[in-house]
Amino acid sequence: MTEGEMPPLRQAIIEGRQQSWREAELSVEGQEGAGLPLVLLHGIGSNSRVWLAQFSAFGGTRRVVAWNAPGYAGSAALPAAAPSPEDYAEAARSWLDHLKIGRCILVGQSLGAIKATALTLRYPSRVAALVLASPASGYAAAADEPLPLTIVNRIALMERLGPAALARERADRLLSTGASQAARQLVATAMGELVPEGYAQAARMLGRADLAAMVGLLEVPVMIAWGAEDEVTPPASCMRIAAAAGPRATRIELPAAGHACMADAPIAFNEAVATAIAGASGTDTEKCP
């Protein structure tokens, strides 16, 4: 894969459900001594497209894979109308099994941070290091309580506008004021590919999840990274997640970056991920159980 080239979308039927993902394969030169695979989980208003800069930066020396979560472009929705974080974790586990990835560096951005944490809590031996970027906290509504009004309104907005109009209205909110035109186009394109059903499922999960409670149970190294100009999960919110994770957590604020910091400030973001990679050990010879 050449620098700046988007890997094609791949699809497979995994445990009876269609799953799509993008993958940057190792170059011939990078195969010998390749490190652990890098696994990327996107946020609620996005998909695998937004990891273009990470495919380019890391794809030559290690395997890099990014899914379109269940209910997103090319991936079938989960059976439950209101899936739990654990439902997404099991979908991710089956996808990693299909790819024969037994242990990895795991990065989850925004809502993907909740899914990544759920996967790590269920299968800690499969995650050598965890990066939570611009982590969504969740609204922690109990199962017997109504969904928060913010979540209800979010679903209604999607139903009213549809993905393309939603992207025109909200995509720029995910970026800093100084974001490049290429980053704006990338984020808007991914948002325009949302599938309303899958988006609604993800929103309902966000309404019930409580990331602060989850990260306190982690037993693997975790990095919390956020953009200094993030208006969606502001620095104060991200710092609360880092505090809940305790002394095990590394904290990094990325200057001049918004919520979609991997596209907005790719150099700084990739440096943070490289730091997490450097603190982990293992190679891609470690296959799934």
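The basis for the numbers below is simple: all heavy atoms, side chains too, and nothing from hydrogens, waters or symmetry mates. Computed from a predicted structure; not experimentally measured.
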Check the side chains of [Y] and [X] for a donor-acceptor pair under 3.5 angstrom, ignoring hydrogens and angles.
{"X": "Q201", "Y": "Y88", "value": "no"}
{"X": "S20", "Y": "Q11", "value": "no"}
{"X": "N153", "Y": "T150", "value": "no"}
{"X": "T189", "Y": "Q185", "value": "yes"}
{"X": "E253", "Y": "W226", "value": "yes"}
{"X": "S48", "Y": "N68", "value": "yes"}
{"X": "S137", "Y": "S237", "value": "yes"}

Just one of T117, V107, L106, L111 clears the side chain to side chain contact (heavy atoms under 4.5 Å, CB included) bar with L41, so which one?
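Of the listed options, the one satisfying the test is L106.
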For residues [X] and [Y], report the shortest heavy-atom separation together with the two atoms involved.
{"X": "A116", "Y": "L132", "answer": "CB-CD2, 4.4 Å"}
{"X": "V215", "Y": "A245", "answer": "CG2-N, 3.6 Å"}
{"X": "G258", "Y": "D264", "answer": "N-OD2, 2.8 Å"}
{"X": "Q109", "Y": "S134", "answer": "NE2-CB, 3.9 Å"}
{"X": "N270", "Y": "F58", "answer": "O-CZ, 3.5 Å"}
{"X": "M262", "Y": "A53", "answer": "O-CB, 4.1 Å"}

Students often mix this up, so state it plainly: with edges at 30° and 60°, are the rings of H98 and W21 parallel, tilted or perpendicular?
perpendicular
Does some side-chain heavy atom of [Y] sit less than 4.5 Å from a side-chain heavy atom of [X]?
{"X": "R248", "Y": "V220", "value": "no"}
{"X": "L36", "Y": "R63", "value": "no"}
{"X": "R17", "Y": "L78", "value": "yes"}

Mind checking salt bridge (charged side-chain N to carboxylate O under 4.0 Å, His left out) for R184 and listing every partner two or more places apart, or none if nothing turns up?
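Counting only residues at least two positions away or on another chain, R184 forms a salt bridge (charged side-chain N to carboxylate O under 4.0 Å, His left out) with D172.
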By salt bridge (charged side-chain N to carboxylate O under 4.0 Å, His left out) - contacts of R10 (at least two apart):
E23, E25
Are there over 12 heavy-atom neighbours, none belonging to E219, within less than 6.0 Å of that residue's CD?
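Count not over threshold, so no.
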More than 12 heavy atoms of other residues, nucleotides or ligands under 6.0 Å from CD1 of I13: is that the case?
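Buried by this count: over 12 neighbours within 6.0 Å.
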Would a hydrophobic clustering, with Ile, Leu, Val, Met, Phe, Trp and Tyr connected at side-chain separations under 4.5 Å, put L121 with V127?
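Per the 4.5 Å side-chain linkage, L121 and V127 are co-clustered.
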Carefully, step by step, assess W67 and H42 under the rule side chain to side chain contact (heavy atoms under 4.5 Å, CB included).
CA-CA 8 Å; W67 75 350; H42 63 78; 4.1 Å; yes
